[in-house]
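The next block holds one structure in the form of structure tokens; read it before the comments.
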Amino acid sequence: MVLTLHLSSPFLRICLKNWEYVTSRRSIGMNRRIRDLPPTILKDILNGKNDGKIIESASFTGDASCGSEKQRTDLQPVCLREELLCKVSDPVRDCCHKVSVIGAGMVGIGVASALLYQKIASHVAIVDAFPKKLEGEGMDFSHASLLIGDPHIEYDTDFCITSNSRVVVLCAGVRQQEHESRLDLTKRNADIFKTIIPPLLSFSPNAVFVIASNPVDILSYVTWKVSGLPYYRIIGSGTYIDTCRFRYLISDRLGIAPSSVNGIIIGEHGDSQVPLWSGVNVAGVQFRDIIPNIGLETDEEKWYEISREVVRLGSVVRCLKGYTNVAIGLCVADIVNAILGNTQRVLNVSTMIQGHFDVCNELFLSLPCAIGENGITKIVRLRMTEFEKKSFQTSASIVYNVQKDMKI
Ligand SMILES: NC(=O)C1=CN([C@@H]2O[C@H](COP(=O)(O)OP(=O)(O)OC[C@H]3O[C@@H](n4cnc5c(N)ncnc54)[C@H](O)[C@@H]3O)[C@@H](O)[C@H]2O)C=CC1
Ligand SMILES: CC(=O)C(=O)O
């Protein structure tokens, strides 16, 4: 039942809606629930007798008939929302830049932060299986919303809030413990993916799926198989993060900005990743023209130490702070930005590589790809050395050997 009352007392202005809230300037206090008011006090309020006393909380079992019929008809209807705002049409529920983030752990929150703070997505829905942390994170974001462009932020354990997403980012699942490789997480995280992909797909059949959970290449493959979507609608964050680390370490050694170093890492986001030293350059000046054996063990300047370090960096950061989330959050947000903006930017991400560099199995590994609103639109045909090509094929075999025994 809806009952809206405006009492004549200067001290009481009460709005009762579905018996939910009582507000007043003086006596009742904001947001005290009507059911917490003793019936006698409610009656006094309705009779205009109570105009300024603190009302103690007590359970209320009465109904709207507390006030007499006459008293109620004397009252003028008011509800602030309706008084203030003249409704013209219903707002669109899901905006075209809606992104859902699944998993409100360290990575999921890193992704949501990067999306929201950079204003990449104006509607973010966050889902996690466990409500407590999810609610804390969701409230924290909501309290910041007026500082970050008033985005629409939703959070729930129910996948229904993800409906009509343009992009679904998957960050759910366990992370590595000490001495575990990313590939060791395969079974545990694939089992999670098998249960969450079908409902996510049914709520957002047109979404592009971006995978961050590890092992990212195999989980991208699992997403592809379980969803039945065309492979270009599945994008693994892959070696984008390794490429950032690679460029950073090289730039640090040269004393220039990381964005001024060009170079990529392809293959598995894991121990078998392949640094393409043959293509590293600054302003088009190829390192290989200066050091022909750059990246090889015979290189006296030991540049290969940098690519070895990149393989370890995920674990190093995890050992120091317990997890990694800032760099991956920003990598994923950049991928989402390319999708939402249909930019066709070339990023180093995990895609289905069957047929590339003589790999004949169906599997996902990273190569430079152009990305737009439909997902991956092009894969760059890289020029690489025989050694690099062989290393890429080895990376493919390592990932395939773990993937091939999985039941999907
Ligand atoms: N691709 C990359 O470069 C990186 C990947 N990762 C990977 O990301 C994943 C997440 O890592 P963290 O966020 O650090 O872990 P976390 O433990 O902090 O968060 C994982 C979240 O997933 C949630 N979750 C588990 N099952 C779920 C389900 N069925 N539905 C909804 N939510 C569910 C958990 O409740 C938890 O909040 C791990 O697999 C980790 O290895 C981490 C860093 C970088
Ligand atoms: C954990 C992980 O995959 C990374 O930070 O590279």
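Just so you know, ligand 1 is whichever comes first in the structure, and atom 1 is the first atom listed for that ligand.
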- Purely on distance, is any nitrogen or oxygen of Phe130 under 3.5 Å from one on ligand 1? no
- Message: Taking the ring of Trp277 and the ring of Phe387, is the distance between their centroids below 6.0 Å?
- Response: no
- Query: Under 4.0 angstrom from ligand 2, any heavy atom of Ile328?
  - Reply: no
- Structural part of Met106 in contact with ligand 2, heavy atom criterion under 4.0 angstrom: neither
- Task: Identify the protein heavy atom lying closest to atom 33 (C) of ligand 1, giving its residue, its atom name and the separation to 0.1 Å.
- Result: Ala172 CB, 3.6 Å
- Polar side-chain atom of Asn293 near backbone of Thr298 as donor-acceptor pair, under 3.5 Å: yes
- Query: Counting each atom of ligand 1 from 1 as listed, which ones have a heavy atom of Ile241 under 4.0 Å away?
  - Reply: 3 (O)
- Electrostatic pair Asp217:Arg182 at N-O distance under 4.0 angstrom: no
- Check each of Arg188, Arg318, Arg175 against Glu180 using the salt bridge (Lys or Arg N to Asp or Glu O under 4.0 Å) test, and report the only one that passes. Arg188
- Does ligand 1 have any atom sitting under 4.0 Å from a heavy atom of Thr195? no
- Query: Any N/O of Thr324 closer than 3.5 Å to an N/O of ligand 2?
  - Reply: yes
- Note on the structure: Heavy-atom proximity to atom 22 (O) of ligand 1 ranks first, among Gly238, Gly173, Gly329, Pro131, for Gly173
- Check: of Ala212, Ala129, Ala327, min heavy-atom distance to atom 30 (N) of ligand 1 comes from Ala129
- Message: Looking only at protein heavy atoms, which one is nearest to atom 19 (O) of ligand 1, and what is the separation?
- Response: Gly105 CA, 3.1 Å
- Message: Please classify the Asp128 to ligand 1 contact at 4.0 Å (heavy-atom distances, strictly less than): side chain, backbone, both or neither.
- Response: both
- Message: What verdict does the side chain to side chain contact (heavy atoms under 4.5 Å, CB included) test give for Leu365 and Thr351, after you've listed the backbone C-alpha separation in whole Å, the side-chain angles of each residue and the deciding distance to 0.1 Å?
- Response: CA-CA 6 Å; Leu365 285 186; Thr351 187; over 6 Å; no
- Message: Regarding Arg312 and Glu309, does a basic nitrogen lie under 4.0 Å from an acidic carboxylate oxygen?
- Response: yes
- Task: Please indicate whether any nitrogen or oxygen in Arg245 is less than 3.5 Å from any nitrogen or oxygen in ligand 2.
- Result: yes
- Please state which protein non-hydrogen atom is closest to atom 15 (O) of ligand 1 and give its distance, to 0.1 Å? Arg175 NE, 3.6 Å
- Are Asp334 and Arg345 close enough, and set up right, to give a salt bridge (Lys or Arg N to Asp or Glu O under 4.0 Å), and what steps lead you there? CA-CA 10 Å; Asp334 210 22; Arg345 272 185 72 209; 2.8 Å; yes
- Message: Test side chain to side chain contact (heavy atoms under 4.5 Å, CB included) on Cys244 and Tyr240; report intermediate values, then the result.
- Response: CA-CA 6 Å; Cys244 294; Tyr240 191 7; 3.9 Å; yes
- N/O to N/O below 3.5 Å, does that happen between Ser237 and ligand 1? yes
- Arg182, portion touching ligand 2 at heavy-atom distance under 4.0 Å: side chain
- Over-ring placement of Arg253 relative to Trp303, 6.0 Å and 45° cut-offs: yes
- Query: Identify the closest protein heavy atom to atom 38 (C) of ligand 1: which residue and atom is it, and at what distance?
  - Reply: Val174 O, 3.0 Å
- Task: In plain terms, say whether Lys302 and Glu297 are close enough for a salt bridge, that is, a side-chain N and a carboxylate O under 4.0 Å apart.
- Result: no
- May I ask you to identify, for Val317, whether its side chain, its backbone, both or neither come under 4.0 Å of ligand 2 on a heavy-atom basis? neither
- Message: One thing to verify: whether Arg383 and Glu388 come together as a salt bridge, which I'm taking to mean a side-chain N less than 4.0 angstrom from a carboxylate O.
- Response: no
- Message: Within the 4.0 Å heavy-atom shell around Asn214, which atoms of ligand 2 are there?
- Response: 1 (C), 2 (C), 3 (O)
- Just need the protein heavy atom nearest to atom 13 (O) of ligand 1, so name the residue and atom and give the distance. Val107 N, 2.8 Å
- Among Ile126, Ile192, Val111, Asp191, closest by heavy atom to atom 29 (N) of ligand 1 is Ile192
- Is there a heavy atom of His269 sitting under 4.0 angstrom from any atom of ligand 2? yes
- Message: Any carboxylate oxygen within less than 4.0 angstrom of a Lys/Arg side-chain nitrogen, looking at Lys87 and Asp90?
- Response: yes
- Query: Can you tell which part of His269 has a heavy atom less than 4.0 Å from ligand 1: side chain, backbone, both or neither?
  - Reply: side chain
- Item | Proximal ligand 1 atoms for Asn189, defined as those under 4.0 Å from one of its heavy atoms | 39 (O)
- Kindly determine whether Thr162 and Ser100 satisfy side-chain hydrogen bond (donor to acceptor under 3.5 Å, both in side chains), including the steps that lead there. CA-CA 6 Å; Thr162 66; Ser100 289; 4.6 Å; no
- Residue, atom name and distance, where the atom is the protein heavy atom closest to atom 10 (C) of ligand 1: Cys171 O, 3.3 Å
- Message: Looking at Asn348 and Ile265, would you say the former's side chain and the latter's main chain have a donor-acceptor pair under 3.5 Å?
- Response: yes
- Nearest protein heavy atom with distance in Å, relative to atom 41 (O) of ligand 1: Asn214 ND2, 3.0 Å
- Query: Between Cys331 and ligand 1, which part of the residue brings a heavy atom under 4.0 Å of the ligand: side chain, backbone, both or neither?
  - Reply: neither
- Pair Phe159 + Phe203: ring centers closer than 6.0 Å: no
- Query: Which ligand 1 atoms, with their elements, are less than 4.0 angstrom from a heavy-atom of Thr324?
  - Reply: 43 (C), 44 (C)
- Message: Using a 3.5 Å distance criterion without hydrogens, assess whether the side chain of Ser204 forms a donor-acceptor pair with backbone atoms of Ser165.
- Response: yes
- So is Ile328 polar-close to ligand 1, meaning N/O to N/O under 3.5 Å? no
